[in-house]
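Reading through the structure tokens given below for one structure.
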Protein chains: 2
Amino acid sequence: MHNLAISIRISDDLFIKDPESTNLGKRIISESIALLDELGFEAFTFKKLGAAIGSPESSVYRYFESKHKLLIYLVCWYWSWIEYKIVFGTINKSSDMERLKTAIEILTKPIKVDNAFIHVNEVLLNKIVVSEATKVFHTKEVDKENDQGYFAVYKRIVQRVSQLIMTINPDYKYPNMLVTTVIEGAHQQVYFADHLPSLTDKKRGKNRVYNFYTEMVCKMIS
Amino acid sequence: MHNLAISIRISDDLFIKDPESTNLGKRIISESIALLDELGFEAFTFKKLGAAIGSPESSVYRYFESKHKLLIYLVCWYWSWIEYKIVFGTINKSSDMERLKTAIEILTKPIKVDNAFIHVNEVLLNKIVVSEATKVFHTKEVDKENDQGYFAVYKRIVQRVSQLIMTINPDYKYPNMLVTTVIEGAHQQVYFADHLPSLTDKKRGKNRVYNFYTEMVCKMIS
DNA sequence: TGGAGAATGATAGTAATACTATTATATTTG
DNA sequence: CAAATATAATAGTATTACTATCATTCTCCA
């Protein structure tokens, strides 16, 4: 169908050798997604990943310095992909309010596969982001890694949506708080639905996360 | 001042030997809080903790099975303490709305030391909860640990506040989502203010987290 | 007061993890 | 076809997250 000549560009600092540049690199990406989903970040090791792709762990280390950096790489990839979806999804909308609602939809509704990137399973990657992404910045190295620019894409998405909000209501006081509350909250509700259902409201149907956070944004900025 | 004969009761499953029952146990608690704050969960080890209290790591293992269980213990202790503050803080209020606002205040405003528990520094413990608590349930063992009841206190707090909301507005559709969004969001905003300031709205002053989430709850349930 | 039982200390050991290093063998490319 | 590059195969290291054992100290109560 639509096979665009688009590739997601990730900061050079996140890898030793660009995994997009070789076959082995792409297998590292696709298998690490599968394995991270299966084992979780703690039990995931480069040795196991090596076994999964039929290569020694030393080969993986030629692409990524550590499993932590690999996780950041994947999360960055995810947010870059989301940013691209937001940009292209909002470009043709006729009002800021419509643009805002589309952005929230992309950020809160379940993910669908995107065949434009064959070695990345976006549905699994979203699951990983939902369950593991907090570990990316909840470490003692946050400040250093923030200085390195690892969280730039995420921050840019927040800025974009905040700016939409500020266009709609220039007096609104807490645009960043509202946007991060929505983005992180949405992931949290999905995780709770799977593992701690009493912490969410599962009965409210399939679009409850989208409905809840859309209503939240509308009420807050009006 | 007020030195109540109250002690926080934690589920037996979280420790091998009750740390409240001995002097060494209490030192394990107080030093683990200091060390976790200093090193972060990843760099924290029982060996280092042993060194800090002048005991071999094997002694620490007589109290806690693993550093993960110790973290859960501390987080549980924290939420039990918060629950006690909510219960006693709301008991004398004259309306449900006042009770709700008090609960939100306790959940979103900065923590002050509580001299009732000498071996626990609640301010540090709150910092640990803010930076490390997501690791408690973002593991592959969530479901098992949930079955063991490790998250009961947290869930009970969510239920309490949800019920307050439902008393005020029995038609409100998403009480649990709203409450968890507030609790987790408040911690997140504090973490962002320290490490990723562009993701929050620091300019909005000291009570911005409380103000933002109080406004959110009021607007959402009205 | 003395002795049993419990708590702690001292020390050792193990499998796994998160790497680094080295050399040999493919594979690509000019 | 040679040179450069990528990968495989293998080994090694410090640290982690434990478990095990035995000696010492403390405590409490008969």
Side-chain angles (χ1 to χ4, degrees), chain A residues 12-32 35-36 38-74 119 132 135-136 138-141 144-145, chain B residues 12-32 35-36 38-74 119 132 135-136 138-141 144-145:
Chain A
D12 288 20
D13 289 9
L14 283 170
F15 48 75
I16 295 170
K17 181 190 174 82
D18 188 354
E20 296 275 351
S21 70
T22 66
N23 236 302
L24 183 63
K26 284 176 197 156
R27 297 202 58 218
I28 287 174
I29 297 306
S30 62
E31 277 301 318
S32 65
L35 257 191
L36 274 168
E38 189 189 329
L39 305 173
F41 186 66
E42 283 71 29
F44 170 88
T45 69
F46 278 5
K47 198 169 187 182
K48 290 172 188 167
L49 176 57
I53 62 179
S55 286
E57 58 176 335
S58 54
S59 291
V60 180
Y61 276 104
R62 283 212 295 293
Y63 286 83
F64 291 100
E65 196 178 311
S66 64
K67 69 171 180 171
H68 181 243
K69 283 271 178 87
L70 170 55
L71 180 65
I72 303 181
Y73 176 93
L74 292 174
H119 61 293
E132 316 286 357
K135 293 164 193 169
V136 158
H138 282 95
T139 74
K140 279 286 168 185
E141 291 77 38
K144 207 188 359 164
E145 295 182 346
Chain B
D12 288 21
D13 288 8
L14 284 171
F15 48 74
I16 295 170
K17 181 191 175 81
D18 187 354
E20 296 275 352
S21 70
T22 65
N23 236 302
L24 183 64
K26 284 174 197 159
R27 297 202 59 218
I28 287 174
I29 297 306
S30 62
E31 277 302 317
S32 65
L35 257 191
L36 274 169
E38 188 189 329
L39 305 173
F41 186 68
E42 282 71 28
F44 171 88
T45 68
F46 278 3
K47 198 170 188 182
K48 289 171 188 168
L49 175 57
I53 61 178
S55 286
E57 56 175 336
S58 53
S59 291
V60 180
Y61 277 105
R62 284 209 199 80
Y63 286 82
F64 292 100
E65 194 178 312
S66 65
K67 68 171 181 171
H68 182 245
K69 284 271 179 86
L70 169 55
L71 181 65
I72 303 180
Y73 177 93
L74 293 175
H119 61 292
E132 315 287 357
K135 293 164 193 169
V136 157
H138 282 96
T139 73
K140 280 285 167 185
E141 291 78 38
K144 208 188 354 163
E145 295 183 346

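By convention in this document, chain letters (A, B, ...) are assigned in the order of the sequence lines, proteins followed by strands, and residues within each chain are numbered from 1. Since the model is a prediction, treat every value here as computed from it, not as a measurement.
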Quiz item: For the pair made of CG in B:Leu71 and C1' in D:dA17, what is the distance, rounded to whole Å?
Solution: 16 Å
Quiz item: What is the distance, rounded to the nearest whole Å, between atom OH of A:Tyr61 and atom P of C:dT17?
Solution: 11 Å
Quiz item: Under 4.0 Å between a side-chain N/O of A:Ser59 and OP1 or OP2 of D:dA8, yes or no?
Solution: yes
Practice problem: Could you check how far CG of B:Leu70 sits from P of D:dC18, rounded to whole Å? | Solution: 12 Å
Quiz prompt | Cationic tip of A:Lys69 above A:Phe15 ring, under 6.0 Å, 45° of axis | solution = no
Exercise. Report which part of the nucleic acid B:Ser66 touches: base, sugar-phosphate, or nothing (heavy-atom distance under 4.0 Å, all strands).
Key: sugar-phosphate
Practice problem: Would you mind telling me which residue lines up with the more 5' stretch of DNA chain D, A:Arg62 or A:Glu57, judged by nearest nucleotide? | Solution: A:Arg62
Exercise. Answer yes or no on whether A:Lys67 is positioned over the face of A:Phe46, meaning its NZ or CZ is under 6.0 Å from the six-membered ring centre and within 45° of the axis.
Key: no
Quiz item: Would you say B:Tyr63 reaches C:dA7's phosphate, i.e. side-chain N/O to OP1/OP2 under 4.0 Å?
Solution: no
Quiz item: How close or far is atom P of D:dA17 from atom CG of B:Leu39, stated in whole angstroms?
Solution: 12 Å
Quiz item: What nucleotide, of D:dT7, C:dT17, D:dT10, holds the atom closest to the side chain of A:Thr22?
Solution: D:dT7
Quiz item: If you measure only the distance, is there a donor-acceptor pair under 3.5 Å linking the side chains of A:Tyr73 and A:Ser32?
Solution: no
Quiz prompt | B:Lys67 side-chain proximity, nearest of D:dA17, D:dT16, C:dT11 | solution = D:dA17
Quiz item: Under 4.0 Å: is that the gap between some side-chain N or O of B:Thr45 and OP1 or OP2 of D:dT16?
Solution: no
Quiz item: Nearest-Å distance, CG (B:Asn23) to P (C:dA6)?
Solution: 20 Å
Exercise. Assess whether one donor atom and one acceptor atom, taken from the side chain of A:Glu65 and the base of C:dC19, lie less than 3.5 Å apart.
Key: no
Quiz item: Is it the case that more than 12 heavy atoms not belonging to B:Lys140 sit under 6.0 Å from its NZ atom?
Solution: yes
Quiz prompt | Value in whole Å for how far the P atom of C:dA15 lies from NZ of A:Lys47 | solution = 13 Å
Self-check item: Rounded distance in Å - NZ (B:Lys69) to C1' (D:dA17)
Solution: 14 Å
Practice problem: Taking only the side-chain nitrogens and oxygens of A:Ser55, find out if one of them lies under 4.0 Å from OP1 or OP2 of D:dA8. | Solution: yes
Practice problem: In whole angstrom, give the distance that lies between atom CZ of B:Phe41 and atom P of D:dT16. | Solution: 13 Å
Quiz item: Start at the 5' end of DNA chain C and walk down; is the nucleotide closest to B:Lys17 or to A:Ala43 reached first?
Solution: B:Lys17
Quiz item: Are A:Tyr61 and A:Ser66 close enough that a side-chain donor and a side-chain acceptor fall under 3.5 Å?
Solution: no
